[in-house]
Amino acid sequence: MSTTLPLEDALIHVVDDDAALRRSIAFLLESVGWRVATYASAEALLDAYRRGPPGCLVVDIRMPSMSGLELQQELQARGFRIPVVFITGHADVSLAVQAMKQGAADFIEKPFKDQTLIDAVGHAVRKSGELISAAQRAEDARRALEALSPREIEVARLLALGHPNKRVASKLDISERTVHAHRQHIMEKTGVSSAADLVRLMLAADPKSLD
């Protein structure tokens, strides 16, 4: 799904304990128009990182104290969903597999071609924009559903599952007229105009809500 976020404002975070390589990567990415912030360690990134514009991390997978994989795990534990492009000077299949299982956007072995890193960062930034847009849609959907009463939520779920008014009334032991009234209130409060829109709204708020 495409994003409408302004990706030109994206910020690329480069984390590498090799100062020369850190500067080289920053220069390369800035030369093609990206904004770049650099960090000498995973701890420095964690101290400075705040939720912000779309972007990604370019991280050396092997660093003293905290590795790139540990940094990725810590960011996820703190609730940050930012794509990570791992770079490594060590051909290590097991590390690559672990990184990809943890949701890495890419895994690049040194030495790499400039275009390889530029392409990987571009892909990761687009993915970041999509993640932020999806999170915003989920938040908007949750706020819309918070306007409903507990009974309206029950009715909304059954309607979204495709049950007709008569079936909803039977399941909840209420009259069809009451179901119709709840249905009207649900549409007005959430701003949806059809059962299909209601399904999309509930799934956006909680993908497991209709299980």
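One finds no salt bridge joining Glu130 and Lys127 here, because no Lys/Arg side-chain nitrogen approaches an Asp/Glu carboxylate oxygen to under 4.0 Å. Glu146 and Arg142 are not joined by a salt bridge, as no carboxylate oxygen comes within less than 4.0 angstrom of a charged side-chain nitrogen. Classification of Glu154 and Arg151 as a salt-bridged pair holds, one side-chain N sitting under 4.0 Å from a carboxylate O. Comment: Asp60 does not engage Arg22 in a salt bridge, judged by the lack of any side-chain N to carboxylate O separation of less than 4.0 angstrom.
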Taking only distance into account, with no hydrogens and no angle test, what donor-acceptor pairs under 3.5 Å do side-chain atoms of residues 169-177 form with protein atoms, sequence neighbours excluded?
{"from": "Ser175", "atom 1": "OG", "to": "Thr178", "atom 2": "N", "distance (Å)": "3.1"}
{"from": "Ser175", "atom 1": "OG", "to": "Thr178", "atom 2": "OG1", "distance (Å)": "2.8"}

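Put simply, the side chain of Leu46 reaches to within 4.5 Å of the side chain of Leu75, judged on heavy atoms. Here the side chains of Thr38 and Arg23 are not in contact, with every heavy-atom distance at 4.5 Å or above. Side-chain contact between Gln136 and Ile132 is absent, with no heavy-atom pair separated by less than 4.5 Å. Annotation: side chain of Val84 is not in contact with side chain of Leu71 (no heavy-atom distance under 4.5 Å).
For residues 34-74, the set of pairs meeting the ring-ring contact (aromatic ring centres under 6.0 Å, His included) definition, not counting sequence neighbours, comprises His13-Tyr39, His13-Tyr49, Tyr49-Phe80. For residues 157-166, the set of pairs meeting the side-chain hydrogen bond (donor to acceptor under 3.5 Å, both in side chains) definition, not counting sequence neighbours, comprises Asn165-Arg183. Pairs of residues two or more places apart, or lying in two chains, that qualify as salt bridge (charged side-chain N to carboxylate O under 4.0 Å, His left out) and include a residue from residues 197-211 are Asp197-Arg200. Note on residues 164-200: no pairs pass ring-ring contact (aromatic ring centres under 6.0 Å, His included), not counting sequence neighbours.
Between the CD1 atom of Ile108 and the NZ atom of Lys113 there is a distance of 12.5 Å, given to the nearest 0.5 Å. Separating the CG atom in Asp106 from the CZ atom in Phe86 is a distance of 11.0 Å, to the nearest 0.5 Å. To the nearest 0.5 Å, the span separating OG on Ser149 from CD1 on Ile186 amounts to 7.5 Å.
The hydrophobic clustering, which links ILVMFWY residues whose side-chain heavy atoms are closer than 4.5 Å, places Leu131 and Ile12 apart. Residues Leu203 and Val192 share a hydrophobic cluster, clusters being chains of Ile/Leu/Val/Met/Phe/Trp/Tyr side chains in contact below 4.5 Å. Criterion: ILVMFWY side-chain heavy atoms under 4.5 Å apart, direct or through other members. Under it, Met66 and Leu57 are part of a common hydrophobic cluster.
The hydrophobic cluster containing Leu11, built from Ile/Leu/Val/Met/Phe/Trp/Tyr side-chain heavy atoms closer than 4.5 Å, comprises no other residue.
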